[in-house]
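We count ligands from 1, going down the list as the structure has it; atoms in each ligand are counted the same way. Values below: all heavy atoms of this structure, side chains included; hydrogens, waters and symmetry mates excluded.
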Amino acid sequence: MGMWQFRIFPAISMLLLGALPVLAQHEYTESEIEAGKAQYAINCVRCHGPDGDNITNADIGHGKSRRATTDAEFVALIREGISGTRMVAFPNINEQNAQTIVAYLRSMASTANAAASLPPGDVARGKTIFEGKGGCRTCHRVGDQGSRTGPDLSQIGAQRRVVELHRSILEPDAEIIPANRFLRIVTKDGSALTGKLLNQDSFTVQILDVKDEKLKSFSKSNLREYTFVSNSPMPSYKDKLSTQELSDLISYLASLKGQAN
Ligand code: HEC
Ligand code: HEC
């Protein structure tokens, strides 16, 4: 659904793209890496996958590239492609933007092992945990099953890296994607509710109430408070899952690459 668009165009990274200094090799700022992440999501993820390892013999997410070593070689490879393969040329990605992609690839390689200590996971067991003990479907939807209060996870495996899934489960507050933020509303007569922002214009706001999953519409002139919630409504599963269960769950999420409903 439309949320994907929000995710791959984080407003801040796009703004920064215009103002990047010339990059020194191997030294990148957080904002350059963020900008590269957005570029990667737009141009590369569909073939290389969120962890860069979707294509056999062309793992670009773990510092193993066979064809490029230096930043300049990566930039050239991105802009010129590899003739005779599905690795097309990206002449429209200018040198500066290509540099940010290289920054992101380097940062992927250096953060990839955060979840590497986990034992191998089992997709089927992970599904059982997702639907049973984890209670994930009380908030999340996969295919046509589950709730719509949390983000739809039907395609999460095509969008997020394993380390990101790991962090989402253990530290839900660490990073909340703007499109996933919740809104707290207090009306002038004092009733309060929290929900997912669906739509708004100058006069009204529509939200999906977390409690009953119903769409509610408010006239802005009737509201006393209207603020984004900084904590995630999702509980941390840090002490609720064994290492094996965590790994199974992540394997299941990583396998979800279908169409969102
Ligand atoms: C249409 C699918 C496709 C897209 C989109 C794509 N690639 Fe590729 N890429 C490939 C394939 C296939 C290969 C392997 C080519 C070969 O060596 O046979 C490859 C190879 C590479 C390599 C060399 C890997 C190595 O081992 O040296 C790099 C680096 C690379 N791609 C980066 C990117 C980046 C960055 C983007 C986004 C700007 C991107 N690719 C977009 C399909 C794609
Ligand atoms: C009480 C509701 C609730 C429960 C239960 C819950 N989640 Fe969440 N989850 C959310 C909300 C809301 C978000 C969006 C805000 C955020 O990123 O924390 C979220 C975010 C996520 C994300 C990140 C999505 C993205 O787009 O990056 C993942 C992955 C995730 N949840 C997995 C799970 C799994 C797996 C379980 C079960 C073990 C679970 N959640 C249980 C509410 C919930």
Side-chain angles (χ1 to χ4, degrees), residues 3-4 6-7 36 39-50 52-69 73-90 92-93 97-98 100-102 104-105 108 126-127 129-142 146-153 155-157 159-162 164-182 194-196 208 210-211 229-237 240-241 245-246 248-250 252-254 256 260:
M3 247 181 235
W4 174 231
F6 282 103
R7 290 185 181 131
Q39 289 283 321
Y40 184 85
I42 297 165
N43 299 297
C44 322
V45 79
R46 69 179 181 277
C47 289
H48 288 281
D53 57 0
N54 261 13
I55 296 171
T56 320
N57 287 329
D59 181 348
I60 61 172
H62 301 82
K64 293 186 197 158
S65 171
R66 296 168 307 150
R67 299 185 189 256
T69 312
E73 286 167 349
F74 272 107
V75 168
L77 194 153
I78 292 168
R79 303 197 61 219
E80 292 157 19
I82 304 173
S83 64
T85 76
R86 283 171 59 236
M87 178 61 206
V88 289
F90 289 88
N92 295 335
I93 301 182
N97 288 348
T100 67
I101 297 177
V102 179
Y104 181 59
L105 295 180
M108 271 168 95
K127 183 170 193 280
I129 297 164
F130 188 88
E131 294 171 359
K133 169 175 181 181
C136 314
R137 284 200 296 191
T138 54
C139 296
H140 293 287
R141 202 169 176 82
V142 172
S147 153
R148 294 183 198 274
T149 53
D152 187 320
L153 299 181
Q155 307 183 303
I156 199 75
Q159 297 165 340
R160 302 279 177 260
R161 301 174 59 200
V162 165
E164 292 167 331
L165 297 172
H166 188 258
R167 189 175 51 210
S168 290
I169 296 169
L170 299 186
E171 306 165 62
D173 293 340
E175 186 189 9
I176 302 182
I177 279 123
N180 288 345
R181 287 168 78 201
F182 275 65
T194 303
K196 196 154 87 182
L208 188 73
V210 183
K211 282 215 193 76
V229 180
S230 55
N231 291 344
S232 174
M234 175 163 158
S236 164
Y237 286 83
K240 295 177 196 151
L241 299 171
E245 287 171 328
L246 179 63
D248 294 342
L249 194 53
I250 291 173
Y252 171 59
L253 294 174
L256 298 175

Any atoms of ligand 2 less than 4.0 Å from a non-hydrogen atom of G135? List them with their elements. 5 (C)

Quick one: does F74's side chain get under 4.5 Å of I101's, heavy atoms only? no

Heavy atoms only: give me the nearest N97-T100 pair and the separation to one decimal. O-OG1, 2.6 Å

Polar side-chain atom of R137 near backbone of F130 as donor-acceptor pair, under 3.5 Å: no

Around atom 16 (C) of ligand 1, find the nearest protein heavy atom and jot down its residue, atom name and distance. R67 NH2, 3.4 Å

Using a plain distance cutoff, I'd like to know if Y237 has any nitrogen or oxygen under 3.5 Å from a nitrogen or oxygen of ligand 2. no

May I ask you to list the atoms of ligand 2 that are less than 4.0 angstrom from any heavy atom of S232? 15 (C), 16 (C), 18 (O)

Looking only at protein heavy atoms, what sits closest to atom 2 (C) of ligand 1 is C47 SG, 1.9 Å

Validation row: V142, E131 side chains within 4.5 angstrom (heavy atoms): no

Below 4.0 Å, non-hydrogen atoms only: which portion of D173 touches ligand 2? Side chain, backbone, both or neither. neither

Among protein heavy atoms, which sits nearest to atom 5 (C) of ligand 1, and what does the distance come to when rounded to 0.1 Å? N43 O, 3.3 Å

So which bit of P233 gets within less than 4.0 Å of ligand 2, heavy atoms only: side chain, backbone, both or neither? both

Does an N or O from T138, backbone or side chain, lie closer than 3.5 Å to an N or O of ligand 2? no

For F182, counting its heavy atoms only, list the atoms of ligand 2 lying under 4.0 Å from any of them. 12 (C)

Examine the proximity of ligand 1 to K64 and report which part, side chain or backbone, both or neither, has a heavy atom under 4.0 Å away. neither

For the student: nearest non-hydrogen atoms of F182 and T149, plus distance: CZ-O, 3.3 Å

Just which atoms of ligand 1 are under 4.0 Å from any heavy atom in I55? 10 (C), 11 (C), 12 (C), 42 (C)

Closest heavy-atom pair, N43 versus F90, reported as atoms and distance to 0.1 Å, is O-CZ, 3.6 Å

Option of least heavy-atom distance to atom 29 (C) of ligand 1 (set: F74, Y40, Y104, F90): F74

Sub-4.0 Å atoms of ligand 2 with respect to non-hydrogen atoms of P172: 18 (O)

Taking side chain as C-beta onward, heavy atoms only, is P151 less than 4.5 Å from H140? yes

Beyond-backbone contact of M87 with L77, side-chain heavy atoms, under 4.5 angstrom: yes

Contacting atoms of ligand 1, where contact means under 4.0 angstrom from a heavy atom of A58: 14 (C), 24 (C), 26 (O)

May I ask you to test the R160-S168 pair for a side-chain heavy-atom distance under 4.5 Å? no

With respect to atom 13 (C) of ligand 1, which of M87, Q39, R86 exhibits the smallest heavy-atom separation? M87

What closest approach, in Å, do D152 and R141 show between heavy atoms, and which atom pair accounts for it? OD1-O, 3.2 Å

Check if I101 has a non-hydrogen atom at a distance under 4.0 Å from any atom of ligand 1. yes

Nearest neighbour of atom 32 (C) of ligand 1 from the list I42, I60, I82, T85, on a heavy-atom basis: I60

Any N/O/S atom, backbone or side chain, of C139 lying under 2.8 Å from atom 8 (Fe) of ligand 2? no

Can you tell me the protein heavy atom closest to atom 9 (N) of ligand 1 and the distance? H48 NE2, 2.8 Å

Region of I156 that comes within reach of ligand 2 [heavy atoms, distance under 4.0 Å]: side chain

Considering K240, E245, E171, R160 one by one, which has a heavy atom nearer to atom 26 (O) of ligand 2 than any of the others? R160

Keeping H48 on the side-chain end and I55 on the backbone end, is there a donor-acceptor pair under 3.5 Å? no

If you look at every heavy atom in S236 and L170, which pair is closest and at what distance? OG-O, 2.6 Å

Of the backbone and side-chain N, O or S atoms of C44, does one lie nearer to atom 8 (Fe) of ligand 1 than 2.8 Å? no

Exam field: side chain Y237 to backbone G134, donor-acceptor pair closer than 3.5 Å: yes

Just by modelled atom types, is the R148 backbone N or O under 3.5 Å from a matching donor or acceptor in the K196 side chain? yes

For the backbone of M108 and the side chain of R161, can you confirm whether one donor and one acceptor N or O come within less than 3.5 Å of each other? yes

When only distance counts, is R66 in polar contact with ligand 1, meaning an N/O pair under 3.5 Å? yes

Judged by heavy atoms only, the candidate from N57, D59, N97, L77 nearest atom 23 (C) of ligand 1 is L77

Ligand 2 versus L241: contacting region, heavy-atom distance under 4.0 Å: neither

Can you find a pair of side-chain heavy atoms, one from P50 and one from E164, that are under 4.5 Å apart? no

Closest by any non-hydrogen atom to atom 38 (C) of ligand 2: pick that one out of G150, G134, G126, C136. C136

Per-atom contacts, ligand 1 versus R46 - under 4.0 Å to a heavy atom: 5 (C)

Minimum heavy-atom separation for M234 to P172, with atom names? O-CG, 3.4 Å

With a cut-off of 2.8 Å, does S168 put an N/O/S atom close enough to atom 8 (Fe) of ligand 2? no

So which N/O/S atom does H140 have closest to atom 8 (Fe) of ligand 2? NE2

